[in-house]
Amino acid sequence: MANFYTDTPELKFQLSHPLMKRVVELKERGFADKDAYDYAPVDHEDAIDSYDKVLEIVGEICAEVVAPNAEGVDHEGPKVVDGHVEYASGTQENLKATIDAGLMGLSMPRRYGGLNFPNTPYLMAADVVSRADASFENLWALQDCAETLYEFGNEDQRSRFLPRICAGETMSMDLTEPDAGSDLQSVMLRATYSEKDGCWLLNGVKRFITNGDSNIHLVLARSEEGTKDGRGLSMFIYDRNQGGVTVRRIENKMGIKGSPTCELVYKNAKAELCGERRLGLIKYVMALMNGARLGIAAQSVGISQAAYNEALAYAKDRKQFGKAIIEFPAVYDMLSTMKAKLDASRALLYETSRYVDVYKSLDDIARERKLTPEEKAEQKQYSRYADSFTPLSKGMGSEFANQNAYDCIQVHGGSGFMKDYTCERLYRDARITSIYEGTTQLQVVAAIRYVTTRAYLARMRDFEQTTQAAPEFEGLMNRIKAMTDLYERTIDKVTETKDGEQIDFFARRLVEMSAYIIMAHLLVRDASWNAELFGGSANVFTRWAEAEVEKHANFIGSFSSDEIAFYRK
């Protein structure tokens, strides 16, 4: 079977982006680790080569172990034995393969046993793993929990827990409760400090916890008695070795069945505070969720890749009326649109991840020394970019994954409805991506302020000024500029009324317009660097986006303020 990394050159392309030079420079601190660790890179080219070689190993394991196990894992699933989770046999095999290859904790510093990977190649690995089995990505990638513990835990906690993660133990974030889903301010799991035990005790129930019987948990709990909002919540670390938590049940889900989604019962579970009291939701979980959302964006891209590959292979093989169905316009139009959406969502994901890499590395450096004024300005700029692009990447990446999984089944026709074909599982697995770690609607809520403040518009104009489009793509750039002009006029129309309800009503369409134009810019830029890989998608996606932007603009333009009332009924 082909290597899942090397057979997709669009992935390796992401390592050649010019900003990767700065990403590596910041992450490696002038390559200071080279004298202490024989596997640490000595320069930029060595670092990129290291990422490439590790990703090849990921691609090999995914093709030879994880993907062949995916169907069996989907059918067998995990089960509860004596209050704890027992993984499906294929999942256990997957974990052993990745642990034996040293692929856990890739992004952790070398002093804890990690490989010190930046976010970008780490998400590339998640992309590849998700193509093989999206449910296994939830166990392997740890939902950004390790990064959160590293960022907000103290050095004692890092030194005790992170080496265990790098050695192969798993993590989970225990946030949701029966009465606290998207509204995490309503979390009521109690944390009380016990002078007798010298630790915090957790009591209550958590629900819908991905990989809920993990080794190490980050738990959102109410530490301030008498409070009812987010200011009374703190974050805690629970170690399964301490006992006190049992799995009441594993949810019977539509998809990603290999990843156990658990209901947990906490009974005087011993835990320790992570960070400061009262900042659990307003600081730590918000940071955790942003990282987790990029992980879901990577999962979405991996599913999109798998769906496209399955559809393309079937269309080439399936013959009707004397020829392969890929030769029919109705089919190749669908396939070209699938590929365009895949490339667009991947371009947005890695553009965002590079922004995160720059500002997160500067955040880390700021813990060691004072940043220069230039570094502070760079940190602030890339933090703004990352904050604004993350909801677009998660929101649109997950929506495109669902659309591509849908179209994959359509290409297969009646066969796609049967469990004999991979596309049936992909369709079920894709559905959760636009729900968990914040629904698409919540991503719109997060993104709309960047529409109304014109931050997205400013970034589009930046791309217009900085993208050196190849001659064959200048026409596409002109189309994108025209789209942007229409987008600006539409924003003016919506915001000039200063009616918050009207802005909220049009928010989804405005955010989608923003995403489509930005993705078109990124594809034209990438196509100008590598026309063979991205030229087709740049042409298809820009035209598709043009139609979508015009459709949304026409819808918004057709309303007067009082006509919105019809939609409230």
Side-chain angles (χ1 to χ4, degrees), residues 1-8 11 55 57-79 85-101 103-104 124-143 170 210-211 250-261 295-296 298-314 317 338 342 398 401-402 404-409 411-412 415-433 436:
M1 187 178 289
N3 184 297
F4 278 15
Y5 169 67
T6 58
D7 74 354
T8 309
L11 278 166
L55 287 165
I57 296 171
V58 174
E60 179 182 347
I61 290 173
C62 284
E64 296 183 0
V65 180
V66 180
N69 282 336
E71 290 299 319
V73 167
D74 183 62
H75 288 297
E76 180 184 350
K79 58 186 176 182
V85 170
E86 184 178 296
Y87 293 129
S89 55
T91 303
Q92 295 178 40
E93 186 180 347
N94 296 343
L95 280 169
K96 184 178 186 306
T98 51
I99 291 169
D100 288 349
L103 297 177
M104 305 295 281
M124 291 169 68
D127 183 340
V128 173
V129 172
S130 299
R131 169 185 163 188
D133 181 359
S135 71
F136 183 63
E137 194 267 350
N138 282 346
L139 276 63
W140 172 82
L142 309 177
Q143 305 160 285
T170 58
T210 300
N211 196 30
I250 295 174
E251 304 291 346
N252 186 15
K253 301 176 296 187
M254 175 192 293
I256 55 166
K257 292 194 171 187
S259 167
T261 301
I296 302 307
Q299 185 180 62
S300 300
V301 171
I303 293 172
S304 276
Q305 181 74 62
Y308 172 71
N309 289 352
E310 291 292 326
L312 180 63
Y314 186 85
D317 184 65
M338 289 175 70
L342 164 62
S398 62
N402 276 275
N404 277 2
Y406 178 100
D407 285 345
C408 179
I409 286 183
V411 169
H412 281 71
S415 296
F417 199 65
M418 307 300 159
K419 286 187 177 289
D420 300 17
Y421 288 83
T422 299
C423 59
E424 184 271 342
R425 172 174 55 83
L426 294 175
Y427 187 70
R428 290 185 286 107
D429 286 352
R431 190 62 191 90
I432 191 61
T433 61
Y436 63 1

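Position 1 is the first residue of the sequence, and the numbers go up from there.
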(request) Apply side-chain contact (heavy atoms from CB on, under 4.5 Å) to Y314 and C423, showing your working. (result) CA-CA 10 Å; Y314 186 85; C423 59; over 6 Å; no
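- Counting heavy atoms from C-beta outward, V73 and S135 have side chains that approach closer than 4.5 Å.
- In this structure the side chain of R131 never reaches within 4.5 angstrom of the side chain of V128, judged on heavy atoms.
- Using a distance-only test at 3.5 Å, with no hydrogens or angles considered, no donor-acceptor pair links the side chain of E137 to the main chain of V129.
- Here the side chain of Q92 pairs a donor or acceptor atom with the backbone of Y87 at under 3.5 angstrom.
- Considering all non-hydrogen atoms of both residues, E310 and L426 come closest at CG-CD1, 4.0 Å.
- Salt bridge annotation for D74-R428: present, with a cationic side-chain nitrogen under 4.0 angstrom from a carboxylate oxygen.
- Across every non-hydrogen atom of N404 and A307, the tightest pair is O-CB, 3.7 Å.
- Atom CD of E64 is separated from atom CZ of F4 by 10.0 Å, given to the nearest 0.5 angstrom.
- The side chain to side chain contact (heavy atoms under 4.5 Å, CB included) with N138 is formed by just one residue from the set N211, T261, I256, T170; it is I256.
- With values rounded to the nearest 0.5 angstrom, L55 atom CG is found 5.0 Å from Y5 atom OH.
- Within 6.0 Å of OH in Y427 there are 12 or fewer heavy atoms belonging to other residues, nucleotides or ligands.
- Although no hydrogens or angles enter the test, the distance criterion places a donor-acceptor pair under 3.5 Å between the side chain of N69 and the main chain of V65.
- Judged purely by atom type and a 3.5 angstrom limit, E76 uses its side chain to pair as donor or acceptor with the backbone of S89.
- Looking only at side-chain heavy atoms (C-beta outward), K253 and I432 stay at 4.5 Å or farther from each other.
- A donor-acceptor pair is defined here as one N or O able to donate and one able to accept, closer than 3.5 Å; no such pair exists between the side chain of W140 and the backbone of N94.
- One distance of note links CD1 of I250 with OG of S259; it measures 9.5 Å at 0.5 Å rounding.
- Applying ring pair (Phe, Tyr, Trp, His ring centres under 6.0 Å) to H412 and the options Y406, F417, Y421 leaves one that passes, Y421.
- Distance CG/D407 to CG/N402: 11.0 Å, rounded to 0.5 Å.
- What you find for V411 and A311 is that their closest heavy atoms are CG1-O, 3.7 Å.
- Residues S304 and L342 come closest through the heavy atom pair CB-CD1, 3.8 Å.
- Of all heavy-atom pairs between V85 and P78, the closest is CG1-CB, 4.0 Å.
- For the atom pair M124 CE and T8 OG1, the distance stands at 10.0 Å (nearest 0.5 Å).
- A 4.5 Å side-chain heavy-atom check between V301 and Q305 finds every atom pair outside the cut-off.
- In this structure, I61 and A101 approach most closely via the heavy-atom pair CD1-CB, 3.5 Å.
- With values rounded to the nearest 0.5 angstrom, E251 atom CD is found 10.5 Å from T210 atom OG1.
- More than 12 heavy atoms of other residues, nucleotides or ligands lie within 6.0 Å of CG in D100, so this atom counts as buried by the packing criterion.
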